[in-house]
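Atoms within each ligand, like the ligands themselves, are counted from 1 in listed order.
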Amino acid sequence: MTYNSFILCTLLTFSICLHGISAMDYFVTNEAASTPGGIRFDKEIGIPYTKQIMGTSIDFIWHTVFQQNSPYDQKPLDSVSVYIVEYEGVAVAWGNNNINISSIFLQGAEGDLKWIFTSVFYHEMTHVFQWNGEGHAPSGLMEGVADYTKLKAGYAQDQGFAKPGQGDSWDQGYDVTARFLEYCDEIVPGFVASLNKLMRFDFDVKFFEYLTEKPVDQLWMEYKAKYGQ
Ligand SMILES: *[C@@H]1O[C@H](CO)[C@@H](O)[C@H](O)[C@H]1NC(C)=O
Ligand SMILES: [Zn+2]
C-alpha cells in the first residue's frame with residue numbers, strides 16, 4: 001500500500017465511521033407559519049436553531065443521560081421530524097420519531113421563547129429516544145425520565161419545577177419523578193441510564209431494587225426523609 005492510498009483509506013474509514021454515527025436527518029416544518037404563534041416561531045426561534053438543538057439534545061440524551069455510546073444501544077432511528085402545528089396544547093411526541101409543538105403555546109409563552117422552546121424540546125426528544133419497556137413502563141416514569149433530561153440539561157424552569165423531596169409518589173410523573181430519579185442517580189451513579197437500558201424489552205418495578213438493592217417504596221421513603229418530608 002502506498003502512502004497516498006493509506007491516507008485515502010484512513011480518510012474513507014474515518015468518514016464511514018462518522019457517517020455511521022451521525023446519519024440522522026432532521027426535518028422541521030412550520031405548518032402554522034401564517035398564525036401569530038408560527039410567525040413568532042420564525043422570528044424568535046427559526047428552523048436553523050431548531051435543527052441545531054435537535055442535534056445537541058439527541059447527543060445529550062444518548063451520551064449523557066442514557067450513556068448509550070454504542071449505536072447498538074440506541075434506538076435505531078435515522079430521522080426525526082418536528083412540526084409547528086396550530087393546536088391546543090404544548091407539545092407531543094408521536095409515532096416513532098415525530099414531535100409536534102403547538103403554535104398557540106408559543107404565541108402565549110412569556111419570557112425568553114428560545115429558552116422555553118429548548119426546555120420543552122429536551123423533554124419531547126427524550127420521549128423519542130427512551131425505551132418504554134415495550135409499552136409496560138408506567139407513564140409517570142416515562143414523563144419523569146423526560147423531565148430528568150430537561151433538569152440535567154439545565155433547562156428546568158426556576159418557577160414551577162419541583163424542588164428535591166417534593167411530591168406524593170415516585171411515579172407521580174414529570175418534575176416530581178425527575179427529582180426522585182436524580183436522587184437515585186446520586187445513590188447509584190448512572191442509575192437512569194441503567195434503568196433505561198433495562199426498559200428496552202420490558203418493565204418491572206423490581207428494576208429499582210435490582211439496581212439499588214432497595215424496593216422503590218423504601219427508596220421513596222428514604223428520599224422523602226432526606227429532605228425532611
Ligand atoms: C402532528 O402534526 C402532524 C402534521 O400536522 C399531524 O399529521 C399529526 O396527526 C399530529 N400528531 C398529533 C399526535 O397531534
Ligand atoms: Zn412528556
Side-chain angles (χ1 to χ4, degrees), residues 25-42 45-47 50-51 53-54 56-58 60-62 64-66 75 77-109 115-157 159-162 166-182 184 192-193 195-196 199-200 203:
D25 289 319
Y26 306 133
F27 300 105
V28 183
T29 313
N30 183 357
E31 292 189 350
S34 61
T35 72
I39 291 167
R40 193 171 175 204
F41 169 82
D42 281 334
I45 301 164
I47 288 174
T50 305
K51 288 190 174 173
I53 60 161
M54 286 170 88
T56 314
S57 61
I58 292 170
F60 185 76
I61 289 163
W62 275 344
T64 303
V65 179
F66 293 152
K75 219 164 174 188
L77 296 177
D78 51 21
S79 71
V80 178
S81 299
V82 172
Y83 301 90
I84 311 301
V85 190
E86 189 173 31
Y87 81 102
E88 294 287 348
V90 178
V92 61
W94 60 282
N96 274 333
N97 55 348
N98 308 287
I99 296 172
N100 288 7
I101 303 202
S102 159
S103 60
I104 298 171
F105 163 70
L106 295 177
Q107 179 190 347
W115 194 96
I116 295 166
F117 182 84
T118 308
S119 173
V120 168
F121 218 86
Y122 272 102
H123 178 104
E124 298 304 333
M125 196 59 95
T126 306
H127 284 321
V128 174
F129 285 94
Q130 71 188 156
W131 297 116
N132 68 358
E134 292 284 10
H136 297 135
S139 64
L141 179 58
M142 300 298 288
E143 297 302 341
V145 172
D147 259 16
Y148 175 83
T149 299
K150 183 162 112 170
L151 176 63
K152 290 293 124 180
Y155 279 92
Q157 57 275 31
Q159 304 283 317
F161 199 96
Q166 283 184 345
D168 301 321
S169 68
W170 70 271
D171 59 352
Q172 190 173 331
Y174 298 99
D175 49 344
V176 165
T177 300
R179 287 296 189 188
F180 175 63
L181 291 171
E182 184 180 43
C184 293
V192 172
L195 181 64
N196 181 65
M199 284 161 64
R200 184 159 186 166
F203 178 78

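Ligand 1 is surrounded by E31, V85, W94, N100, each with at least one heavy atom closer than 4.0 Å.
Shown here are the side-chain hydrogen bond (donor to acceptor under 3.5 Å, both in side chains) partners of N196, two or more places apart in sequence or in another chain: there are none. For E143, there are no salt bridge (charged side-chain N to carboxylate O under 4.0 Å, His left out) partners, not counting sequence neighbours.
Taking 4.0 Å as the cut-off between side-chain N and carboxylate O, E182 and K152 count as a salt-bridged pair.
Relative orientation of the Y155 and Y122 rings is parallel, given thresholds of 30° and 60° on the angle between their planes. In this structure, H127 and H123 have perpendicular ring planes: the angle between them is above 60°, well past the 30° mark. Taking the six-membered ring for Trp and thresholds of 30 and 60 degrees, W62 and F129 have ring planes more than 60 degrees apart, a perpendicular arrangement.
The backbone N or O of E31 sits nowhere less than 3.5 Å from a side-chain atom of T29 that would complete a donor-acceptor pair.
Taking OG1 of T50 as the start and CD1 of I84 as the end, the distance is 6.0 Å to the nearest 0.5 Å.
A 4.5 Å side-chain heavy-atom check between Q107 and T35 finds every atom pair outside the cut-off.
Each protein N, O or S atom less than 2.8 Å from the Zn ion (ligand 2) was counted, giving 3.
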